[in-house]
Amino acid sequence: MKLAENKATLSFSNGSPSIDMPVYQGSVGPDVIDIRKLYAQTGMFTYDPGFLSTSACQSAITYIDGDKGELLYRGYPIEQLATNCDFLETCHLLLYGELPDAAQKADFTKRVTNHTMVNEQMQFFLRGFRRDAHPMAIMTGLVGALSAFYHDSTDITNPQHRDISAIRLIAKMPTLVAMAYKYTVGQPYMYPRNDLSYAGNFLHMMFATPCEPYIVNPVLERALDRIFTLHADHEQNASTSTVRLCGSSGTNPFAAIAAGVACLWGPAHGGANEACLNMLEDIQKMGGISKVGEFMEQVKDKNSGVKLMGFGHRVYKNYDPRAKLMQETCKEVLHELGLENDPLFKLAMAVEKIALEDDYFVQRKLYPNVDFYSGIVQRAIGIPTPLFTAVFALARTTGWIAQLNEMIGDPEYKIGRPRQLFTGNVTRDVKPIAQR
Ligand code: CMC
């Protein structure tokens, strides 16, 4: 980051002396005011719940221009990555800063595929869960449990430990998600097949059985690979910030990523893809396209508590570029499977059209986000709705680990420790229980 020529001056109406604060510039995007000395100089904190105006770190990984609807991983537009690269190339880019050449790609793929199996003991963890457990509950437990298996790589101050943990996490997440699925349907776990692509192997572990050969459909493989690429990173979102905050205490990478999985689960974040599909199914049950108007009235009524899931974003105030790509993939997958007339897809298109023309959404700049179409694609592939967010977690693991490693390597990093505006009781005395 570069020191800007101008400074910010903070003055107070009560006559306290004003203070100057440095301003820094990034390579693109808003400048930041450095408030690190504010408390020492004024005895005051800043107040920004929800981080509406706060950058909590410097990062060189992902850039979003929310007004333009632009998403760049290490400078490359998401549209170009989704069209010209596969997920493992994108992982290499996010982790190491550059797209791999052919030899680097082969080496990286080999390193990842060498780690796709999980310790056989993992299945005993699974057996402790109810068969109807939510996959994200299972994933939170399993990812955290990985730290119990890799004592050789839990020191995040050691760059080699960080690297091998990154590879292990990227390699093992598909295996764990597929195991969580197989467990809930009562089928045998399928071991990974390292001759398949990353997405192809995931399809195999999900849908193959030991009874008959399973042939990976290349259109579905490509669609899944694209889902992974589109979800791989998204700068300082809630789960990534959770991973950074958790990792800032020096905890091991598996524990930090488990915290990210837990955060992602919520319906305002990664859980939106599941919530969006459930919402579309509810509208379908109400009567389908003819009921969209009625549903929209509920969404616009602030007292109803109903939100249009898959719409709106803290950063995008324009069409989410990932949603456009996902809509394209959705059409390809439905065509491949002969589901062009899929009622939920038609319903989603109708909802989108009505919302984009409605003043409520226009004024608030609410556009479809990545989750609006990803559920329909996953459902068409055969992935059950409760597993959608686990697939998101699988893909986002690369971003989480890249951001965690970037933070640990940053000489300015400190344990994250937000402050507060205290509004509770001031000191008071405890009365004996009989007098309370
Ligand atoms: N449906 C109806 N109204 C909405 C929606 C929506 N989906 N999203 C925002 N609004 C309204 C909101 O009520 C507020 O209205 P008003 O100004 O009258 O009070 C205004 O738009 C601004 O919204 P906000 O809640 O201040 O925005 P935020 O930045 O705090 O929230 C969000 C962003 C993504 C949590 C929110 O848009 C939302 O809940 N969307 C639905 C859930 C969803 O699709 N989440 C996935 C996000 S993308 C993938 C990911 O990050 O995991």
Side-chain angles (χ1 to χ4, degrees), residues 48-54 62 64 66-67 69-71 73 78 136 139 227-244 259-280 282-283 292-327 348 351-352 354-378 385 387-400 403:
D48 186 17
F51 297 93
L52 296 177
S53 300
T54 298
T62 293
I64 304 172
D67 292 324
E70 181 179 65
L71 169 61
Y73 293 166
I78 191 68
M136 286 299 276
M139 288 307 293
I227 291 181
F228 294 162
T229 299
L230 297 184
H231 287 86
D233 194 43
H234 215 224
E235 50 117 313
Q236 309 311 320
N237 57 85
S239 57
T240 302
S241 299
T242 301
V243 169
R244 280 184 177 258
V261 175
C263 177
L264 188 75
W265 192 357
H269 193 8
N273 50 17
E274 178 179 349
C276 180
L277 202 92
N278 290 336
M279 173 193 81
L280 291 172
D282 287 346
I283 305 175
V292 174
E294 199 180 302
F295 178 76
M296 288 301 194
E297 289 313 310
Q298 283 180 38
V299 169
K300 291 190 276 179
D301 174 6
K302 293 279 175 196
N303 299 320
S304 72
V306 178
K307 276 200 166 171
L308 184 57
M309 300 313 285
F311 257 72
H313 200 274
R314 171 63 60 79
V315 185
Y316 292 117
K317 300 302 165 199
N318 200 330
Y319 214 100
D320 177 343
R322 302 169 302 169
K324 275 190 199 146
L325 292 156
M326 196 52 80
Q327 192 194 47
V351 169
E352 181 187 333
I354 292 172
L356 291 179
E357 287 166 1
D358 189 304
D359 266 0
Y360 175 95
F361 295 91
V362 174
Q363 277 167 12
R364 290 171 179 77
K365 299 189 178 166
L366 300 171
Y367 291 86
N369 60 51
V370 67
D371 291 320
F372 195 65
Y373 285 104
S374 77
I376 300 173
V377 181
Q378 293 197 52
T385 313
L387 210 73
F388 291 177
T389 314
V391 171
F392 189 158
L394 177 176
R396 182 57 57 85
T397 295
T398 300
W400 288 331
Q403 299 264 357

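Given the structure is predicted, the values throughout are model-derived calculations rather than measurements. All ligand and atom numbering here is 1-based and tracks the order in the structure.
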Enumerate the pairs of nitrogen or oxygen atoms, one from ligand 1 and one from the protein, separated by less than 3.5 angstrom; state names and distance to 0.1 Å.
residue  : atom   : partner : partner atom : Å
ligand 1 : 1 (N)  : L308    : N            : 3.0
ligand 1 : 3 (N)  : Y360    : OH           : 2.8
ligand 1 : 7 (N)  : L308    : O            : 2.7
ligand 1 : 7 (N)  : F311    : O            : 2.9
ligand 1 : 13 (O) : K302    : NZ           : 2.7
ligand 1 : 15 (O) : K302    : NZ           : 2.8
ligand 1 : 15 (O) : R364    : NE           : 3.2
ligand 1 : 18 (O) : K302    : NZ           : 3.0
ligand 1 : 18 (O) : R364    : NE           : 3.0
ligand 1 : 18 (O) : R364    : NH2          : 3.0
ligand 1 : 29 (O) : R314    : NE           : 2.7
ligand 1 : 30 (O) : R314    : NH2          : 3.1
ligand 1 : 39 (O) : K307    : NZ           : 3.1
ligand 1 : 40 (N) : F311    : O            : 2.9
ligand 1 : 44 (O) : G310    : N            : 2.8
ligand 1 : 44 (O) : N369    : ND2          : 2.9
ligand 1 : 45 (N) : A268    : O            : 3.1
ligand 1 : 51 (O) : H269    : ND1          : 3.3
ligand 1 : 52 (O) : H269    : O            : 3.2
ligand 1 : 52 (O) : H269    : ND1          : 2.7
ligand 1 : 52 (O) : G270    : N            : 3.4

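At most 12 non-hydrogen atoms from other residues, nucleotides or ligands lie less than 6.0 angstrom from NZ of K365. For CZ of F51, the number of neighbouring non-hydrogen atoms (other residues, nucleotides, ligands) closer than 6.0 Å is 12 at most.
The side chain to side chain contact (heavy atoms under 4.5 Å, CB included) search around V306 returns F295, Q298, V299, S304, not counting sequence neighbours.
Here the side chains of M309 and D371 are not in contact, with every heavy-atom distance at 4.5 Å or above. Residues L277 and Q378 are not in side-chain contact: their nearest non-hydrogen atoms beyond the backbone lie 4.5 Å or more apart.
The backbone N or O of Q236 lies less than 3.5 Å from a partner atom in the side chain of S241, making a donor-acceptor pair.
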